[in-house]
Amino acid sequence: MPDFTDMKGSLGTLMEGVLGRNRGRVSSHSGGDAYGPRGSVRGVLVQDGFNYLLSKIVPGLMGFLSVLVFVRWVGVEQYGRYAVIFTSVMAWASGLAGWLSQGILRYQSQWRDLGEAANFLRSAAAGTVLSAAIGAIVVGVALPAFGVQKGWPLLISLWLLGALIVYTVAMARFQASLRSAMVLRFEAVRSVGCFAIPAALLWVTHSRDYRLLLVGIALGYSLPLVGPIFSRAKDHMECGHSWRPRLSAGQHKILGELWRFGWPVALWMLCQQGLQVSDRYFLQKFSGYTDAGVYASMYDVIVRSFSLLFMPVTLAVHALVMNQWNAGNRSHVLRAIQVGVKYQLLMFIPMLLSSAALAPWVSRLVLGRGIPGAAALVLPLTVGGFLWQVCLLAHKPLEILCQTKRMLIGILGALSINVAGNWTLVPRYGYRASAYLTVASSVAYLLLLFILTPMQKLRDAIETDEREFVRTSSPVAPTLTTLS
């Protein structure tokens, strides 16, 4: 019979982790040690996975509710216009913030001294400002050039872009510090705001204009950032620091290191988000905004369900793998990735069976009415959503080996298939072609990862680390429990 005391203690530990009270395993500086002397890989993975699960439950529920409400309030045609612009801005934000966010996740835990952590933070802040400035220029030119948005509404997109970049970098710093409780708090505030504010704007104005959705989403992403930005600005003024963006030679070096690692990842993220832009852009171009709205609403609900269930595993494994690798405990890396993929597969099987049986009901639930052909999107989007979550774990070996250019080659291949397929097939088959191309793109990326990943190099690095540990270890050296 299970020990009730142990179960109660475990739940208490998890709730303390949710509230951020068990952060002894994390340094108060940049990232800190991932574990104390008695740390456990499994314990860290469970705690962070639990926090990341909670950080996805509220956004997931708000995301489902947002699609259901917004599609009914503004209609599929206006929702299609919103989806095309939002995914375009999101793609550019992912690319422009990606080099920083991924670089932070990769390197922040290396800077443990207080002075080094301050240099790293200032370098990251300078990179954020630079990314936002470049993004304003790029998006300001790209959206009008492709006929997506013109005139004063473009200012809304630029505001949204800036909020997305800052928010992405902030989340990366929390994840790199293993502060999953802060990720939970920010995501809860952001997700509620991104639903409540647009809904309030639509209700107050009695309008069906998609631009109100964009304004509300921009406010929702800005809301959790207000407190930290004002606090940081206050500290900056009290210390008498200059507002001019001066960086020391060491800070320039840090920023350069982040850029060299991150630019292929940033371009990878731009291409990955470009897959969604490709679907929606070609649908509105060849079939109109109504079909783009039908596809976007179905995609947002189905794929978001995988983010809700699978991304907690992905985020926990990512932070754990990077901290283990940087701390020299490399023998745990492959095991953590394998456990993550196993959990994803076990969760996917019942979802696949349910989607096959309930496809007509799902399409009516999302769209509010029966639309011919919409039910046919459920199964391919379910498979495609799962495969892309597997991809996020499958390319971890390339990340930790800093072989990000190989990741870029893989995603460029997947994007090429997606763009060429949508260009040629959407005029004939409509949104069904886009749904099946989601599956084809993910399969192509997995195959390219299988070809491009140097597994022998990874195994050699792990074996070298194990030999070094055996040579330098002593009877009093702390050990880590292995995953089982």
Side-chain angles (χ1 to χ4, degrees), residues 52 54-74 78-94 96-97 101 128 131-132 135-136 139 143 149 153-175 181-205 207-232 273 276 280 293 296-297 299-301 303-305 307-308 311 315:
Y52 287 132
L54 294 181
S55 74
K56 291 299 177 182
I57 287 178
V58 175
L61 294 176
M62 290 296 102
F64 286 131
L65 191 59
S66 297
V67 177
L68 300 180
V69 171
F70 296 159
V71 167
R72 286 162 173 76
W73 277 13
V74 304
Q78 287 290 304
Y79 189 85
R81 292 180 181 274
Y82 154 77
V84 170
I85 295 174
F86 179 75
T87 53
S88 299
V89 175
M90 178 64 80
W92 286 110
S94 298
L96 290 163
S101 62
T128 304
S131 294
V139 172
L143 293 187
Q149 194 176 40
L154 188 60
L155 296 176
I156 303 173
S157 298
L158 297 180
W159 171 20
L160 176 59
L161 175 76
L164 286 168
I165 290 174
V166 177
Y167 188 87
T168 301
V169 174
M171 289 296 98
R173 293 203 68 245
F174 293 143
Q175 291 174 35
M182 287 299 296
V183 175
L184 171 58
R185 295 173 195 173
F186 266 59
E187 280 289 84
V189 173
R190 189 271 306 170
S191 60
V192 173
C194 285
F195 169 73
I197 297 175
L201 291 175
L202 292 172
W203 181 74
V204 169
T205 60
S207 174
R208 293 164 56 92
D209 194 329
Y210 75 93
R211 288 171 290 192
L212 291 175
L213 295 180
L214 293 173
V215 171
I217 297 297
L219 284 169
Y221 272 95
S222 302
L223 185 61
L225 298 171
V226 173
I229 289 177
F230 274 102
S231 176
R232 183 71 63 183
Q273 290 290 328
Q276 297 182 41
R280 291 154 176 75
S297 56
Y299 185 100
D300 289 346
V301 168
V303 175
R304 190 167 285 154
S305 67
S307 177
L308 171 63
M311 280 304 289
L315 293 173

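Start at 1 with the first residue, then count along the sequence.
Residues S207 and L212 approach most closely at CB-CD1, 3.6 Å, considering heavy atoms. Looking at every heavy atom in both residues, A83 comes nearest to A296 through CB-CB, 3.5 Å. Heavy-atom minimum distance, V215 versus L201: CG1-CD1, 4.0 Å. Between L154 and Q149, the closest heavy-atom pair is CA-OE1, 3.8 Å. Shown here for V169 and A97, the closest heavy-atom pair between the two residues is CG2-CB, 4.4 Å. The minimum heavy-atom distance between S131 and I165, with the atom names listed, is O-CD1, 3.9 Å.
Here the side chains of Q78 and D209 are in contact, with some heavy-atom distance below 4.5 Å. The shortest side-chain heavy-atom distance between L68 and R72 falls under the 4.5 Å cut-off. When side chains are defined from C-beta on, V74 does not count as touching Y210, because their heavy atoms never get closer than 4.5 Å. At least one side-chain heavy atom of I217 sits less than 4.5 Å from a side-chain heavy atom of P198. For the pair L160/F86, a side-chain contact is recorded, criterion being any heavy-atom separation below 4.5 Å from C-beta on. Within the 4.5 Å cutoff, side-chain heavy atoms of S222 are placed close to those of W159.
The aromatic rings of Y167 and Y221 sit perpendicular, their planes meeting at an angle over 60°, well past the 30° parallel limit.
Residues that satisfy the side chain to side chain contact (heavy atoms under 4.5 Å, CB included) test with V303, not counting sequence neighbours, are Y299. Residues that satisfy the side chain to side chain contact (heavy atoms under 4.5 Å, CB included) test with L65, not counting sequence neighbours, are M62, V69, F195.
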Problem set entry | Step-by-step side-chain contact (heavy atoms from CB on, under 4.5 Å) determination, L202 to L213 | CA-CA 8 Å; L202 292 172; L213 295 180; 3.7 Å; yes

Start with the C-alpha gap between L164 and L96, add the side-chain angles, then the distance that decides, and say whether side-chain contact (heavy atoms from CB on, under 4.5 Å) holds. CA-CA 10 Å; L164 286 168; L96 290 163; over 6 Å; no

Take R190 and L223 through the side-chain contact (heavy atoms from CB on, under 4.5 Å) test and state the conclusion after the steps. CA-CA 7 Å; R190 189 271 306 170; L223 185 61; over 6 Å; no

Please lay out, stage by stage, how Y79 and R208 fare under the test side-chain contact (heavy atoms from CB on, under 4.5 Å).
CA-CA 9 Å; Y79 189 85; R208 293 164 56 92; over 6 Å; no

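Screening residues 154-167 for salt bridge (Lys or Arg N to Asp or Glu O under 4.0 Å), with sequence neighbours left out, gives no hits.
Here the CZ-CE distance, from R173 to M182, works out to 10.5 Å after rounding to the nearest 0.5 Å. In this structure, CD in E187 is found 11.0 Å from CZ in F174, a value given to the nearest 0.5 Å.
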